[in-house]
Peer 1: 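Here it is: the structure, laid out below.
The chains referred to below are lettered A, B, ... by the order of the sequence lines, with proteins before strands, and numbering in each begins at 1. Predicted, not measured: the structure shown is a model, and the values here were computed from it.
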Amino acid sequence: MSTVLAGYGLVKKYGSTTALAGVDVEVRGRDSLAIMGPSGSGKSTLLHTLAGIIRPDGGQVLLRGERLDNLGENRLSALRRKRFGFVFQFGQLLPELPAEENVALPLMLEGMARRQAVVRARRWFAPLGLDGLEQRRPGQLSGGQAQRVAIARALAVEPDVVFADEPTGALDQRTSTEVIQLLTSATRDTGAALVMVTHDADVAAHCDRVLQVRDGRISNYSQFTVA
Amino acid sequence: MRSPVLPLTWHLTRSSGRRGLQSHLLAAGAAAVGAFVMLVIIAATLGAGTRADHTTWRTPDAVPAKQATAVQALATTYVRHEPVTVVSLAQLSGRKQTPAPPGLSSFPKQGEVYVSPALAELLHKLPANQLAGRFPKVKSYGTIGTAGLASPDELVAVVGRTPTDPAVSKAAGDTSSWFDMAQMERAEISGFGGDTASMFTAGDQGIAVLGVVLLAMPVVVLSAAAGRLGAARREQRLAALRLAGATPRQIIAMTALEAVALGAAGALTGALTYVASLPALAQVPFGVGTWYVDTLWVGSPWLATVVAAVTALITVSAVSMLRQVATSPLGVAQQANPRRTRMIRLAFFAAALAVIFMFSGGGLQAEQAVALLLLFYGAFWLFGPWVVDRLGRLVSRFAKRPATLLAGRRLSDDPRGAWRTVSGLVLAGFAAGFFAVSLLGADTSQYRGQVAVTTGHAFEARHTAAEARTLLHRAGVTATVTTGPTDAYDNLLGGGSGVIAHVEGGQEQLDTAVTALTPLGAGRFPYGQDYAGGSDKATFDRLDAVTIGTLALSFLVAATSAGLTAAANVLDRRRVYGLLRLAGTPLKVLDRARVRETVIPLVVLAGGTTAMGAYGSYQLNKAAGATINTSGAIELVVCVVVGALAMFAAISGSRPLLRKVTADPAQTAD
């Protein structure tokens with residue numbers, strides 16, 4: 001598999017604090033990468049930099065060989081919408097929209113007709129164990145169900161990369177395992193790469209590779225063989 | 001042990017940062033606007049009552065002939081379309097001295113003429129043959145003091161006469177035509193203790209109450225929005241303080257204390273602004289004209305009541321919001337269940353309308369009318385959220401674009417919240433739509449250019465007509481004079497005997513004709529179209545002014561409410577907005593959804609009721625054979641357009657806040 005997303009020599013500073021001090025990362029298609037590290041180590045900054053949310057002070061971010069760290073805000077925003085999917089810890093679903101419309105929203109933002117977007121969104125419900133929950137609103141879903149809807153929304157646009165920031169941080173152990181299994185398998189099945197920040201070593205163990213970040217540098221790199 | 005609530009609240013309020021300060025200032029500003037608007041409208045209501053009280057002396061307070069000490073006659077003449085109230089007084093010989101009327105130092109002697117300052121100015125400004133000639137010739141006029149006047153602009157004259165003068169004779173009290181009602185009266189009196197207010201002020205207070213009723217709810221909504229403003233920040237504080245060991249009671253006490261301080265500071269600012277702007281407010285004409293400053297002073301008890309009420313509303317709103325958070329923080333953040341409305345609201349509304357229709361047949365007591373109005377208000381208040389809910393469902397069903405879908409879903413998700421923002425305008429819009437274009441009442445356009453002079457008997461008319469021709473010719477007025485047929489009731493004489501002069505030229509010629517023909521009236525002033533339509537004009541002009549004024553103030557209050565609610569919503573939903581932005585959702589989509597969330601119900605409901613009111617009025621006018629009030633309709637359109645733009649601007653005002661809370665979502669070193 002060729003490299004989908006890469007960051008080379010990434011540097012990011014907040015005042016006198018160095019969040020990233022020259023990090024190199026490469027992510028291939030169907031690859032899943034967990035970023036771990038203690039609080040303040042720079043792991044979320046690395047994820048946001050790779051996702052084009054934060055502009056690095058130094059280095060380059062490349063998506064399929066195309067630089068994105070020097071793109072304008074509008075183009076970056078469009079790129080995040082079309083080619084990336086996002087899963088956060090909680091609170092990313094619009095509370096007033098039913099689950100299927102939350103999933104269809106990114107498609108509609110891309111200009112797809114509503115009916116078509118909803119039909120396409122519904123396709124994700126059965127594979128993610130959400131059958132019958134299409135009309136439920138986020139407040140009527142459990143934490144695990146809400147995260148699965150978020151995964152469906154991230155994958156609905158058929159992204160190149162899915163970014164997940166502590167996607168199981170608000171879930172219990174059992175639900176956490178279910179959600180991470182779904183996230184990694186569904187991402188792999190679509191051919192997308194997964195970049196995930198987590199504190200949880202058990203969650204990270206579901207990924208192909210784990211990066212340990214400390215003081216803005218990669219301190220360790222491990223590769224698992226996923227069964 | 002000393003309670004930590006007060007010092008802790010003070011410390012947290014001081015250290016709440018720039019955003020906290022902005023939130024405090026906005027909440028206090030809303031309280032100030034609410035208190036100011038309420039005080040202004042209460043001042044107008046109380047002031048209208050005071051003004052009416054200042055006019056009661058002009059209508060004769062009849063007493064039995066044996067007790068009478070004087071004769072009083074009230075007459076009304078018009079100059080430049082404005083009414084001039086003329087009170088003729090004659091002391092009866094051999095009777096006790098009659099006390100001085102209000103505004104005069106003594107009872108006027110024969111030949112004395114007292115005039116209001118505004119009339120004195122007009123007498124000086126206009127040629128004598130257009131106005132001064134209607135009164136007895138005097139070397140100088142006395143001045144009527146403020147005690148006898150409702151407004152600095154009122155045109156009033158008091159003329160001292162002999163008891164035999166035609167102006168106070170029984171003929172002067174012969175209200176033979178219905179035009180004369182309340183414009184002319186004569187009786188024997190012993191003082192000025194009557195309680196019948198002048199026709200030009202009598203209805204003002206009732207009409208101002210309409211303004212209070214229409215504006216009360218928008219002010220309540222504004223105060224509630226102000227209380228809600230800091231909800232998101234308080235939610236964080238609640239969580240942090242609860243973790244630190246604070247009891248729920250302490251949290252509520254702190255919130256209440258902060259809300260009381262902000263509400264009171266804002267409401268006091270509003271009250272002070274009202275006091276400071278009294279001289280400017282007094283210059284706003286209503287009814288008979290501008291105001292004496294002291295008539296607009298509501299008094300300390302009202303001032304304190306309004307400040308306390310606004311403060312209480314903000315406090316209750318802040319605490320109730322906190323209680324929701326305390327009960328179920330997740331429930332508020334995620335709104336587990338949509339706040340749907342039930343069909344029972346429609347049924348109740350229909351039932352209320354049926355009751356109102358059944359009981360509003362006429363002959364209602366004031367209390368019954370108020371009860372029906374309150375019933376209508378209550379029914380509408382229940383019905384509104386149901387309509388918003390249905391509207392939201394309809395919009396979301398047919399929405400093609402994400403922003404419209406979001407707006408529609410938001411509407412049906414919290415229809416009460418959306419309704420609150422536009423409710424004031426919906427009700428004010430209906431009243432304004434109806435009254436602004438209404439010209440109900442007698443159509444007097446057929447009397448244009450005519451001046452009528454009544455005669456005691458039909459046989460005098462021919463002679464009077466000849467005299468009228470001579471007088472008009474001498475005054476340089478070109479006119480055709482006819483004797484009115486006594487069997488025709490649709491002319492200016494209303495079936496009475498007299499002559500009608502058809503005057504060529506404009507208003508100056510008409511005023512000259514009235515002045516020239518005054519000697520022929522045998523105590524009655526000649527009159528024209530203004531006199532014939534005086535009563536209806538007094539009512540409908542004021543209704544027009546109040547409804548347009550109310551609509552303008554409603555827009556001010558609603559725009560402030562909408563702006564605050566929009567800002568509060570951005571703060572409440574900043575996490576989901578931030579994450580959506582981060583995932584690439586364009587800011588303009590989120591912004592459009594926010595704007596449409598208010599604009600859709602505003603256009604449909606407030607626009608709909610305004611149009612309904614205007615249409616209803618148009619149909620009534622049509623049925624009555626009258627055209628609509630074009631200038632009123634233009635005022636209405638201007639008011640609606642400017643108001644809608646103000647609402648739009650107020651909602652857009654929170655766009656920088658939206659941009660700010662969704663920008664740089666990852667400013668941490670983690």
Peer 1: Given that the side chain runs from C-beta out, which part of A:L47 has a heavy atom under 4.5 Å from chain B: side chain, backbone, both or neither?
Peer 2: neither
Peer 1: Nearest 0.5 Å, what's the CD-CD distance between B:E597 and A:E96?
Peer 2: 7.5 Å
Peer 1: Compare every heavy atom of B:K400 with every heavy atom of A:R114, then report the nearest pair and how far apart it is.
Peer 2: CB-O, 4.4 Å
Peer 1: What parts of residues 67-80 of chain A touch chain B if we use heavy atoms and a cut-off under 4.5 Å?
Peer 2: A:S77, A:R80
Peer 1: Quick check on A:R214: does its CZ atom have over 12 non-hydrogen neighbours (other residues, nucleotides or ligands) under 6.0 Å away?
Peer 2: no
Peer 1: Side chain, backbone, both or neither: which part of B:V589 has a non-hydrogen atom closer than 4.5 Å to chain A?
Peer 2: side chain
Peer 1: Distance check, rounded to the nearest 0.5 Å: A:L94 atom CG versus B:L590 atom CG?
Peer 2: 8.0 Å
Peer 1: Is there a side-chain contact between A:L109 and B:P586 (heavy atoms, below 4.5 Å)?
Peer 2: yes
Peer 1: Side chain from CB out, backbone as N, CA, C, O: work out which of these in B:A399 comes under 4.5 Å of a heavy atom of chain A, or both, or neither.
Peer 2: both
Peer 1: Quick check on A:R217: does its CZ atom have over 12 non-hydrogen neighbours (other residues, nucleotides or ligands) under 6.0 Å away?
Peer 2: no
Peer 1: Would the number of heavy atoms belonging to other residues, nucleotides or ligands and lying under 6.0 Å from CZ of B:F648 be above 12?
Peer 2: no
Peer 1: Please state whether the side chain, the backbone, both or neither of A:F88 comes within less than 4.5 Å of a heavy atom of chain B.
Peer 2: side chain
Peer 1: How about B:D413 and A:R137: do any of their side-chain heavy atoms sit closer than 4.5 Å?
Peer 2: yes
Peer 1: What closest approach, in Å, do A:G111 and B:R401 show between heavy atoms, and which atom pair accounts for it?
Peer 2: CA-NH2, 4.2 Å
Peer 1: Give, for atom CG of B:L582 and atom CD of A:Q92, the distance between the pair rounded to the nearest 0.5 Å.
Peer 2: 10.5 Å
Peer 1: Any chance you could measure A:M108, atom CE, to B:T585, atom OG1, to the nearest 0.5 Å?
Peer 2: 12.0 Å
Peer 1: Measure A:R153 against the heavy atoms of chain B and call it side chain, backbone, both or neither at under 4.5 Å.
Peer 2: side chain
Peer 1: Check B:R409 against A:P98 and note the closest heavy-atom contact, atom names and distance.
Peer 2: NE-CD, 3.7 Å
Peer 1: Is it the case that more than 12 heavy atoms not belonging to A:D215 sit under 6.0 Å from its CG atom?
Peer 2: no
